[in-house]
Amino acid sequence: QVQLVESGGGLVQAGGSLRLSCAASGRTFSSTFMGWFRQAPGREREFVAAISWSGILIYYADSVKGRFTISSDNAKSTVYLQMNGLKPEDTAVYYCAAKTYSGSYYLKDTYPDWGQGTQVTVSS
């Protein structure tokens, strides 16, 4: 099992930036793929971005492409989500997740390990 702890959420005005971090511990060698998801009140949890620990494979949801950047630091066992040009519709709880393969990276049910989430609120 992999333990995941997110941080970096907060309140920001529209157009602002935040950087989320996800620190992994435990059986990190068993998780080769990391994802960020978000869930707004009353909505399904949705895919945001995903990356392999090698950094070779990177994917984004269309809604964040060009504004968000996912990256990984193997030495620190940490994955980041740099969010620029934030919009009110980006308001949600953001979750980090881990899995052992890259297939179906956009499907939340394929990720067995999850963090507790961090709140991001974007004011207009």
Side-chain angles (χ1 to χ4, degrees):
Q1 188 177 3
V2 179
Q3 290 76 47
L4 303 170
V5 179
E6 303 97 333
S7 61
L11 173 63
V12 64
Q13 289 187 331
S17 298
L18 283 174
R19 188 176 81 154
L20 305 183
S21 299
C22 172
S25 61
R27 296 172 62 88
T28 56
F29 60 86
S30 68
S31 63
T32 60
F33 211 73
M34 303 293 291
W36 282 100
F37 288 76
R38 67 186 181 186
Q39 187 167 19
R43 301 189 65 177
E44 291 287 323
R45 191 170 299 188
E46 65 176 8
F47 170 74
V48 175
I51 187 170
S52 59
W53 276 113
S54 66
I56 295 175
L57 298 176
I58 294 178
Y59 304 100
Y60 295 101
D62 288 343
S63 58
V64 306
K65 203 171 293 184
R67 299 188 299 122
F68 291 11
T69 302
I70 190 171
S71 61
S72 62
D73 185 333
N74 285 354
K76 296 182 178 179
S77 296
T78 300
V79 174
Y80 303 97
L81 186 67
Q82 177 67 44
M83 305 186 295
N84 298 329
L86 283 162
K87 305 175 181 179
E89 51 263 44
D90 293 319
T91 295
V93 177
Y94 283 70
Y95 297 90
C96 175
K99 61 190 295 185
T100 58
Y101 62 100
S102 62
S104 301
Y105 58 86
Y106 52 91
L107 295 178
K108 62 183 185 299
D109 292 340
T110 65
Y111 291 79
D113 298 307
W114 291 83
Q116 82 290 349
T118 185
Q119 177 70 47
V120 171
T121 303
V122 184
S123 64
S124 57

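Numbers for residues simply follow the sequence, beginning at 1.
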Please list all pairs passing the disulfide bond (SG atoms under 2.5 Å apart) test where one or both residues lie in residues 38-88, with sequence neighbours left out. none
The reported gap from CZ in Phe47 to OG in Ser63 (rounded to nearest 0.5 angstrom) is 9.5 Å
For the CE atom of Met83 and the OG1 atom of Thr69, what is their distance to the nearest 0.5 Å? 11.0 Å
Tell me, please, which residues at least two apart from Asp62 pass salt bridge (Lys or Arg N to Asp or Glu O under 4.0 Å). Lys65
Is the backbone of Ala92 close enough, under 3.5 Å, to the side chain of Gln39 for a donor and an acceptor to pair up by distance? no
Point-to-point distance, once rounded to the nearest 0.5 Å, from CG of Leu57 to CD1 of Ile70: 11.5 Å
Minimum heavy-atom distance between Gln116 and Val5, given as atom pair plus value: OE1-CA, 3.8 Å
Those residues that, when tested against Ser124, pass side chain to side chain donor-acceptor pair (under 3.5 Å) (two or more places apart): none
Check for me, please, whether Leu11 and Leu20 land in the same ILVMFWY cluster - side-chain distances under 4.5 Å, paths through other members count. no
Who are the side chain to side chain donor-acceptor pair (under 3.5 Å) partners of Glu89, not counting sequence neighbours? none
Please give me the minimum heavy-atom distance between Tyr111 and Gly35, naming the atom from each residue. CE2-N, 3.8 Å
Residues in side chain to side chain donor-acceptor pair (under 3.5 Å) contact with Ser102, at least two apart in sequence or another chain: none
Going by the rule salt bridge (Lys or Arg N to Asp or Glu O under 4.0 Å), which residues pair with Lys108 if we only count those two or more places apart in sequence or in a different chain? Glu44
Apply the test side chain to side chain contact (heavy atoms under 4.5 Å, CB included) to residues Val122 and Lys87: give CA-CA distance (whole Å), side-chain angles for both, the deciding distance (0.1 Å), then the verdict. CA-CA 6 Å; Val122 184; Lys87 305 175 181 179; 5.5 Å; no
Taking only residues two or more places apart in sequence, or in another chain, which ones meet Ser52 in a side chain to side chain donor-acceptor pair (under 3.5 Å)? Ser54
Under the side chain to side chain donor-acceptor pair (under 3.5 Å) definition, can you give me all pairs with a residue in residues 12-24, not counting sequence neighbours? Ser17-Asn84
Quick note, disulfide bond (SG atoms under 2.5 Å apart) partners involving residues 68-124, not counting sequence neighbours, are Cys22-Cys96
Leu18 side, atom CG; Thr118 side, atom OG1 - distance, nearest 0.5 Å: 8.5 Å
How long is the span from the OG1 atom in Thr78 to the CG atom in Leu4, to the nearest 0.5 Å? 10.5 Å
Distance in Å, Leu81 CG paired with Met34 CE, rounded so as to fall on 0.5 Å steps: 12.0 Å
Does any pair with a residue in residues 59-101 pass ring pair (Phe, Tyr, Trp, His ring centres under 6.0 Å), and if so which ones, sequence neighbours excluded? Tyr59-Tyr105
Salt bridge (Lys or Arg N to Asp or Glu O under 4.0 Å) against Glu46, all qualifying residues, sequence neighbours excluded: Arg38
Taking side-chain contact (heavy atoms from CB on, under 4.5 Å) as the test, write out the residues that go with Ser72, two or more places apart. Ile51, Trp53, Asn74, Val79
Residue pair Gln119 / Thr91, side-chain heavy-atom distance below 4.5 Å: yes
